[in-house]
S.K.: 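Sharing a structure below in structure tokens format, with a few things to ask.
The sequence lines fix the lettering, A, B, ..., with proteins before strands; numbering per chain opens at 1.
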Amino acid sequence: MARILITSALPYINGIKHLGNLVGSQLPADLYARYCRARGHEVVFICATDEHGTPAELAAAKAGQPVAEYCKQMHAIQTDLAHGFRLSFDHYGRSSSARNYALTQHLAARLGQAGLIEEVSEEQVYSPTDGRFLPDRYIEGTCPNCGYERARGDQCENCTKQLDPTDLINPRSAVSGATDLEVRATRHLFLRQSTLRDTLDRWIDSQTSWPVLTTSIAKKWLHDGDGLQDRGITRDLDWGVPAQFDGAPWQGMEGKVFYVWFDAPIEYIAATAEWADANGLDDAAWQRWWRTDMGAGDVRYVQFMGKDNVPFHTLSFPATLIGSGEPWKLVDYIKSFNYLNYDGGQFSTSLGRGVFMDQALELLPADYWRWWLLSHAPENSDAEFTWENFQTSVNKDLADVLGNLVSRVTKFCRSKFGETVPEGGQTGPRELELMNVLAGHLASYETRMEAIEVRKSAQSLRAMWVAGNEYLQEAAPWSTFKTDPDQAAAQIRLALNLIRVYAIVARPFIPDTSVRIMAALASDDWSWPDDLAAALDILPAGHGFTVPDVLFAKITEDQRTEWEARFAGGTDQSGQRG
RNA sequence: GGGCCUGUAGCUCAAUUGGUUAGAGCAGAGCGCUCAUAACGCUUUGGUUGGGGGUUCGAGUCCCUCCGGGCCUACCA
């Protein structure tokens with residue numbers, strides 16, 4: 001039994017996430033957490049909403065709410081959706097928690113004392129009308145290069161030229177349209193992560209088994225151009241962790257807060273503390289997961305994230321922890337994902353293009369989405385969601401291969417023997433062969449799950465289901481029943497036990513369906529089938545069961561074409577979606 | 001512009017890291033079965049591995065080049 005700490009990248013607070021966000025971090029993290037628990041490991045699975053930053057303030061303003069109120073509401077909505085998708089977080093925290101304020105300020109102070117924080121004077125664009133500094137991205141104007149009128153302060157989307165806000169012709173605020181912009185001097189704190197470059201480089205080099213996607217992004221940032229750059233970790237905003245606090249080793253940072261990418265990863269730790277608080281545990285309960293001097297030495301820490309988050313998790317956050325000089329637990333494995341596209345393009349919030357978490361659950365139960373998304377996870381390259389692919393995969397894998405198997409086994413038994421596991425007969429070479437095949441698939445399933453190879457794990461799982469259909473076809477209890485009912489009884493007894501094993505091993509992918517199968521079989525023994533032969537003998541002759549309702553209704557052509565049209569986008573139907 | 005990833009059957013993806021005849025699922029074709037959600041099983045048709053060149057006894061895999069797709073490029077997160 002191992003101790004495994006799992007975190008999913010924090011979803012940003014400003015709206016409901018789409019399926020691409022879901023499959024990029026939270027869903028595979030949940031798969032792994034559920035698998036580890038099923039194998040008997042001690043797991044803490046942590047996620048939280050990332051609530052600070054300009055977009056949150058703007059979204060709140062748009063909704064006409066105070067930002068704190070807005071975030072509270074959106075956190076509740078995201079919590080509901082997480083439950084809806086059966087994401088089994090031990091704690092779903094908030095980066096605006098008191099725990100995170102305290103820990104962020106603590107780590108900042110440590111970094112300051114270690115000489116790793118530097119004050120830098122900068123000039124930034126200020127909008128008197130909006131009453132705030134504007135990040136480059138929130139300044140629009142005419143591109144000096146191509147004349148595009150809606151170029152942003154950081155880059156022109158039309159000609160892709162990199163810009164400074166001061167390059168723009170007729171600059172205006174993207175927030176209000178105000179044109180009375182001025183450049184003001186402001187002071188900020190910078191994390192001197194460049195001084196840790198060699199340490200980080202060696203650390204990355206020592207991670208030989210990380211996905212290429214993870215290490216190549218880290219290497220790029222470490223070595224590109226002049227190498228790893230220091231990074232501003234404060235912003236001129238109201239909403240966030242105050243950068244000036246009691247015990248701060250600097251002065252004059254009033255009115256500034258820490259940049260979200262400084263405080264957001266720290267929330268992984270803080271949320272674990274929130275978890276302890278919520279469960280009436282003491283500090284030692286969370287410290288034994290995070291402090292190598294307090295018991296975290298044997299913890300395996302695995303992070304899940306989309307590729308856009310990799311730089312912060314491979315460089316800035318480790319720099320924060322290492323630079324503090326305190327014995328914090330560093331990540332052992334970073335599983336990163338590419339993007340999921342929607343039917344030939346990107347998911348688009350503003351265009352209402354694609355499927356969002358709330359909409360998905362209105363159409364179909366969570367297991368449909370979990371299965372498709374995980375079995376098509378964008379591990380090696382960007383992947384694409386199409387309704388046609390979704391329909392055929394779900395109908396074939398879930399309805400035909402698994403659902404129908406459960407149906408044919410339970411219904412056959414009911415009609416020939418009644419709703420009781422039948423007795424009599426014995427197993428023979430055919431059953432032995434089935435067990436050998438199953439053992440092979442189960443072993444590969446376990447290997448792949450432990451390596452967090454999501455798609456391949458799904459393939460192995462499916463192969464186990466297929467083996468059940470093959471066995472049934474060959475054994476043909478509907479034939480043997482006519483000549484040798486005892487043999488048919490033995491065959492169907494094995495088949496009933498088989499679907500019980502399927503429920504157990506499939507649970508990380510399709511938890512609700514697994515629960516339904518186990519309920520129908522009147523079993524609550526979820527122990528992992530380490531001994532397959534024993535596991536296939538758990539339901540004894542005479543054990544009662546019921547025939548479950550259809551596990552997976554098929555997606556019809558009508559449904560598919562309707563959904564295709566509804567989610568094609570073109571009109572802004574995003575509502576409060578971000 | 002620079003960097004990284006990627007291109008394999010009609011579609012979605014594999015290929016033990018350079019090693020026999022490039023494999024699965026779906027779709028297509030044929031046969032079988034009738035317990036089951038018109039489900040299941042068996043057999044089978046599809047590939048000059050984007051093009052060209054090179055290294056090697058041997059290349060999908062390594063090198064060069066051209067073509068296509070994607071991502072990142074540091075103040076959106």
Side-chain angles (χ1 to χ4, degrees), chain A residues 9-14 21 50 52-56 58 122 124-125 133-139 152-155 160-162 164-165 174 188 212-213 215-217 219-221 223-225 228-232 234-236 259-261 264 306-312 315-316 338-339 341 346 375-376 378-384 386 388-389 391-393 395-416 455-456 458-459 462-463 466 468-479 481 488 491-492 495 547 549-554 578:
Chain A
L10 308 187
Y12 197 63
I13 193 67
N14 72 340
N21 299 131
D50 176 11
H52 298 137
T54 310
L58 295 179
E122 287 188 316
Q124 283 201 333
V125 173
F133 284 90
L134 295 174
D136 293 354
R137 191 187 163 93
Y138 288 101
I139 302 155
R152 294 190 322 221
D154 56 345
Q155 184 178 41
T160 73
K161 186 177 173 58
Q162 305 280 310
D164 268 332
H188 282 298
V212 179
L213 186 63
T215 48
S216 67
I217 291 173
K219 285 296 195 181
K220 156 80 172 164
W221 281 53
H223 298 297
D224 192 46
L228 187 61
Q229 300 297 297
D230 293 339
R231 196 173 178 106
T234 51
R235 293 290 184 275
D236 289 293
Y259 174 46
V260 282
W261 271 113
K307 58 185 167 188
D308 49 336
N309 281 342
V310 168
F312 304 103
L315 305 170
S316 327
N338 287 284
Y339 292 143
N341 289 319
Q346 296 195 334
S375 63
H376 294 79
E379 289 177 293
N380 294 320
S381 60
D382 289 354
E384 177 159 313
T386 65
E388 189 181 358
N389 188 307
Q391 180 194 26
T392 56
S393 295
N395 285 356
K396 194 73 194 170
D397 298 345
L398 296 181
D400 294 346
V401 176
L402 176 63
N404 181 57
L405 177 70
V406 172
S407 181
R408 64 196 295 212
V409 168
T410 52
K411 285 182 179 174
F412 177 79
C413 186
R414 179 175 64 183
S415 75
K416 305 300 182 194
R455 294 172 89 124
K456 289 182 177 177
Q459 286 172 14
R462 192 193 129 105
V466 168
N469 280 310
E470 287 169 354
Y471 166 73
L472 215 57
Q473 182 67 29
E474 213 186 301
W478 49 90
S479 291
F481 182 77
Q491 290 166 341
I492 212 67
V547 173
D549 292 336
V550 166
L551 293 178
F552 297 99
K554 291 200 191 186

S.K.: When the nearest nucleotide of RNA chain B is assigned to A/N338 and to A/R408 on a heavy-atom basis, which residue is associated with the more 5' position?
M.R.: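 Result: A/N338.
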
S.K.: Using O4'-C1'-N9-C4 for purines and O4'-C1'-N1-C2 for pyrimidines, with syn meaning within 90° of 0, is B/U49 syn or anti?
M.R.: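 Chi for B/U49 falls in the anti range.
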
S.K.: What nucleotide, of B/C35, B/A15, B/A77, holds the atom closest to the side chain of A/Q473?
M.R.: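 Ranking B/C35, B/A15, B/A77 by closest atom to the A/Q473 side chain puts B/C35 first.
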
S.K.: What's the gap between B/C11 and B/G18 when it is taken at their C1' atoms, as a whole Å value?
M.R.: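 30 Å, rounded to whole Å.
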
S.K.: Can you list the steps and then say if A/R462 with A/K396 is a side-chain contact (heavy atoms from CB on, under 4.5 Å)?
M.R.: CA-CA 11 Å; A/R462 192 193 129 105; A/K396 194 73 194 170; 4.2 Å; yes

S.K.: Looking across every strand, which nucleic acid part, if any, lies under 4.0 Å from A/K219 by heavy atom: base, sugar-phosphate, or nothing?
M.R.: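 The answer is nothing, as A/K219 stays clear of every strand by at least 4.0 Å.
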
S.K.: So, OP1 or OP2 of B/A77: does either fall under 4.0 Å of a side-chain N or O from A/Y259?
M.R.: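 The answer is yes; a side-chain N or O of A/Y259 sits under 4.0 Å from OP1 or OP2.
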
S.K.: Watson-Crick or G-U wobble partner for B/A29, using a 3.5 Å limit on both distances?
M.R.: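 WC or wobble partner is B/U43.
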
S.K.: Side chain of A/Q124, heavy atoms from C-beta onward: which of B/C75, B/U12, B/C40 has the nearest atom to it?
M.R.: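 In terms of side-chain proximity for A/Q124, the closest of B/C75, B/U12, B/C40 is B/C75.
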
S.K.: To the side chain of A/Q229, which of B/C40, B/A74, B/A77 is closest?
M.R.: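 Closest of the options to the side chain of A/Q229: B/A74.
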
S.K.: Measure from the side chain of A/R235, starting at C-beta and using heavy atoms only, and say which of B/G41, B/A14, B/C75 lies closest.
M.R.: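 Ranking B/G41, B/A14, B/C75 by closest atom to the A/R235 side chain puts B/C75 first.
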
S.K.: Taking only the side-chain nitrogens and oxygens of A/R462, find out if one of them lies under 4.0 Å from OP1 or OP2 of B/C26.
M.R.: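 Yes, because at least one side-chain N or O of A/R462 sits under 4.0 Å from OP1 or OP2 of B/C26.
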
S.K.: Quiz question: going by heavy-atom distance under 3.5 Å, is there a donor-acceptor pair between the base of B/C42 and the side chain of A/E470?
M.R.: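 A donor-acceptor contact between them is absent.
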
S.K.: What is the pairing partner of B/U56, taking Watson-Crick or G-U wobble pairs with both distances under 3.5 Å in any strand?
M.R.: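 Pairing partner: none.
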
S.K.: Indicate the ring-plane relationship of A/F312 and A/W261, choosing parallel, tilted or perpendicular according to the 30° and 60° boundaries.
M.R.: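 Answer is parallel, since the angle falls under 30°.
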
S.K.: Could you tell me the separation between the NZ atom of A/K396 and the P atom of B/U12, rounded to a whole number of Å?
M.R.: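 Result: 19 Å.
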
S.K.: Would you measure the distance from the C1' atom in B/U6 across to the matching atom in B/G46 and give it in whole Å?
M.R.: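 Straight-line distance between the two C1' atoms is 24 Å.
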
S.K.: Is A/F412 stacked on the base of B/C35 when the test is centres under 5.5 angstrom and planes under 30 degrees?
M.R.: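 The base of B/C35 is not stacked with A/F412 (the test needs centres under 5.5 Å and planes under 30°).
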
S.K.: If you pin A/K416 and A/N469 to their nearest nucleotides in RNA chain B, which one's is more 5'?
M.R.: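 Nearer the 5' end of the strand: A/K416.
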
S.K.: Given the rule in the side-chain contact (heavy atoms from CB on, under 4.5 Å) test, do A/N389 and A/H376 qualify, once you have shown the distances and angles that lead to the verdict?
M.R.: CA-CA 10 Å; A/N389 188 307; A/H376 294 79; 3.3 Å; yes

S.K.: Could you give me the CA-CA distance, side-chain angles and deciding distance for A/L58 and A/Y138, then say whether side-chain contact (heavy atoms from CB on, under 4.5 Å) is met?
M.R.: CA-CA 11 Å; A/L58 295 179; A/Y138 288 101; 3.2 Å; yes

S.K.: Measure CZ/A/F481 against C1'/B/C33 and give the value in whole Å, please.
M.R.: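 After rounding, the gap between these two atoms is 18 Å.
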
S.K.: Take A/R408 and A/N469 through the side-chain contact (heavy atoms from CB on, under 4.5 Å) test and state the conclusion after the steps.
M.R.: CA-CA 10 Å; A/R408 64 196 295 212; A/N469 280 310; 2.9 Å; yes

S.K.: Determine the contact category for A/E122: base if any of its heavy atoms lies under 4.0 Å from a base atom, sugar-phosphate if only primed atoms, P, OP1 or OP2 are that close, otherwise nothing.
M.R.: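 Contact class for A/E122: base.
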
S.K.: Taking atom P of B/G69 as reference, at what distance in whole Å does atom OH of A/Y339 sit?
M.R.: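 After rounding, the reported distance stands at 19 Å.
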
S.K.: As a test of reading the structure: which of B/C76, B/C75, B/U37 is closest to the side chain of A/K554, going by heavy atoms?
M.R.: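 Between B/C76, B/C75, B/U37, the one nearest the side chain of A/K554 would be B/U37.
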
S.K.: To the nearest angstrom, how far is A/Y12 atom OH from B/C76 atom C1'?
M.R.: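 Spelled out: OH on A/Y12 to C1' on B/C76 is 8 Å.
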
S.K.: What is the separation between atom CH2 on A/W221 and atom C1' on B/U73, rounded to the nearest whole Å?
M.R.: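 The distance from CH2 of A/W221 to C1' of B/U73 comes to 8 Å, rounded to the nearest Å.
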
S.K.: Nearest heavy-atom pair of A/Y12 and A/T54: which atoms, and what distance?
M.R.: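 Shortest heavy-atom separation between A/Y12 and A/T54 comes out as OH-N, 4.3 Å.
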
S.K.: What is the minimum heavy-atom distance between A/G403 and A/F552, and which atoms define it?
M.R.: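 What the structure gives for the nearest pair is CA-CD1, 4.4 Å.
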
S.K.: Counting the atoms with a prime plus P, OP1 and OP2 as sugar-phosphate, which does A/V466 contact under 4.0 Å by heavy atoms, base, sugar-phosphate, or nothing?
M.R.: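 The answer is sugar-phosphate, as A/V466 gets under 4.0 Å only of primed atoms, P, OP1 or OP2.
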
S.K.: Tell me the interatomic distance from A/K411, atom NZ, to B/C40, atom P, rounded to whole angstroms.
M.R.: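 Rounding to the nearest Å, NZ of A/K411 and P of B/C40 are 15 Å apart.
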
S.K.: Which part of the nucleic acid, if any, lies within reach of A/L551 when heavy atoms closer than 4.0 Å are counted: base, sugar-phosphate only, or nothing?
M.R.: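 A/L551: base contact, heavy atoms under 4.0 Å.
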
S.K.: Could you tell me whether A/V550 contacts a base, only the sugar-phosphate backbone, or nothing, with contacts defined as non-hydrogen atoms closer than 4.0 Å?
M.R.: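 The answer is base, as A/V550 lies within the cut-off (heavy atoms under 4.0 Å) of a base atom.
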
S.K.: Can you tell which of B/C40, B/C76, B/C13 lies closest to the side chain of A/P55?
M.R.: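 Selected nucleotide: B/C76.
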
S.K.: Report the distance from atom CD of A/E474 to atom P of B/G41, rounded to the nearest whole Å.
M.R.: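 In whole Å, B/G41 P and A/E474 CD are 12 Å from each other.
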
S.K.: A/G232 near the nucleic acid: base, sugar-phosphate alone, or nothing, with a heavy-atom cut-off under 4.0 Å?
M.R.: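 Result for A/G232 = nothing.
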
S.K.: Counting heavy atoms from C-beta on, name the nucleotide in B/G2, B/U37, B/A36 closest to the side chain of A/K220.
M.R.: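 In terms of side-chain proximity for A/K220, the closest of B/G2, B/U37, B/A36 is B/G2.
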
S.K.: Taking any strand in view, what nucleotide pairs with B/C4 in a Watson-Crick or G-U wobble way, both distances under 3.5 Å?
M.R.: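 Across all strands, the one nucleotide that pairs with B/C4 is B/G70.
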
S.K.: When you get a sec, tell me which of B/A15, B/A39, B/G25 is the closest nucleotide to the side chain of A/N404?
M.R.: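 Nucleotide nearest to A/N404's side chain: B/A39.
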
S.K.: In whole angstrom, give me the gap between the P atoms of B/A14 and B/A38.
M.R.: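 Per the computed distance, 33 Å lies between those P atoms.
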
S.K.: Looking at the side chain of A/D50, which of B/A14, B/A77, B/U37 is the nearest nucleotide?
M.R.: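 The closest nucleotide is B/A77.
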
S.K.: Taking the C1' atom of each, how far is B/G70 from B/A24, in whole Å?
M.R.: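 Going atom to atom, C1' in each nucleotide, I get 25 Å.
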
S.K.: Side chain of A/W478 only, heavy atoms from C-beta on: which candidate in B/C35, B/U37, B/A39 is closest?
M.R.: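 Within the option list, the nearest is B/C35.
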
S.K.: Tell me yes or no: between the side chains of A/S393 and A/D397, is some donor less than 3.5 Å from an acceptor?
M.R.: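 On atom types as modelled, these side chains do not qualify, holding no pair under 3.5 Å.
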
S.K.: Rounding to an integer number of angstrom, what distance separates B/U43 and B/C26 when you compare their P atoms?
M.R.: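 Nearest-Å result for B/U43 against B/C26 at atom P: 13 Å.
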
S.K.: Return the pairing partner of B/U48 with a 3.5 Å limit on both distances, Watson-Crick or G-U wobble; otherwise return none.
M.R.: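 WC or wobble partner does not exist here.
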
S.K.: Between atom CG in A/D308 and atom C1' in B/G70, what is the gap in whole Å?
M.R.: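 Between C1' of B/G70 and CG of A/D308: 14 Å.
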
S.K.: Please confirm whether the shortest side-chain N or O distance from A/R231 to OP1 or OP2 of B/C75 is below 4.0 Å.
M.R.: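 Checking A/R231 against B/C75: at least one side-chain N or O falls below 4.0 Å of OP1 or OP2.
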
